[in-house]
Amino acid sequence: MTFAIARTALFAARRQAATTATQQAKRRMGGSSAPAPEWTGIDKIVRDKFPQDDQLAAAIIGGYFGLFILYKIKSAFSSAPAVDDSPAPVAVASSASGAIPDVDSEDFGTFLESEENVMKLVDSFEK
């Protein structure tokens, strides 16, 4: 007997949930009854050509893209010819004094080009 009561209560609850879900699905809040806005000034001119929002957005993005393309074309024609920016040859620093240049100085790279200078550096580390 309790099984029959539970089963009846379950069917009633399911029926109530189904009708509630159906009623909520029918209710739409689209807001379609609102009047169209009255455009003035530049908005009126633009909205005459592009009445929908997505059309206006596409026109604005297309305008910016067109400006970008024009800028790229202009910079391609007006760019200066490529100049060889290779650095001038650097004179080799003499290490006759036996001093090891600072690691941050520009002379350190030329100092390491000689094998005996590298050995001086290694010997200084071992001290």
* Say you draw a straight line from OG of S114 to CE of M119; how long is it, rounded to the nearest 0.5 Å? -> 11.0 Å
* Chi angles and distances behind the side chain to side chain contact (heavy atoms under 4.5 Å, CB included) call for F111, I100 -> CA-CA 8 Å; F111 175 78; I100 300 172; 3.8 Å; yes
* Asked: Around atom CD of Q55, are there more than 12 heavy atoms of other residues, nucleotides or ligands at under 6.0 Å?
  -> yes
Side chains of residues 62-75: which donor-acceptor partners sit under 3.5 Å, not counting sequence neighbours?
| residue | atom | partner | partner atom | Å |
| --- | --- | --- | --- | --- |
| S75 | OG | Y71 | O | 3.2 |
| S75 | OG | K72 | O | 3.0 |

* To do: Using modelled atom types only, decide if a donor and an acceptor are shared between the side chain of D107 and the backbone of P101 within a distance under 3.5 Å.
  => no
* Listed partners of K44 passing side-chain contact (heavy atoms from CB on, under 4.5 Å), at least two apart -> W39, D48
* To do: Only counting residues at least two apart or in another chain, list the ones meeting salt bridge (charged side-chain N to carboxylate O under 4.0 Å, His left out) with D53.
  => R47
* **Flag side-chain contact, heavy atom, 4.5 Å: L112 against L121** => yes
* Asked: Is there a donor-acceptor contact under 3.5 Å from the side chain of E126 to the main chain of D123?
  -> no
* Spell out, yes or no, whether V46 and I61 are grouped together once hydrophobic residues are joined by side-chain heavy atoms under 4.5 Å, including indirect joins. => no
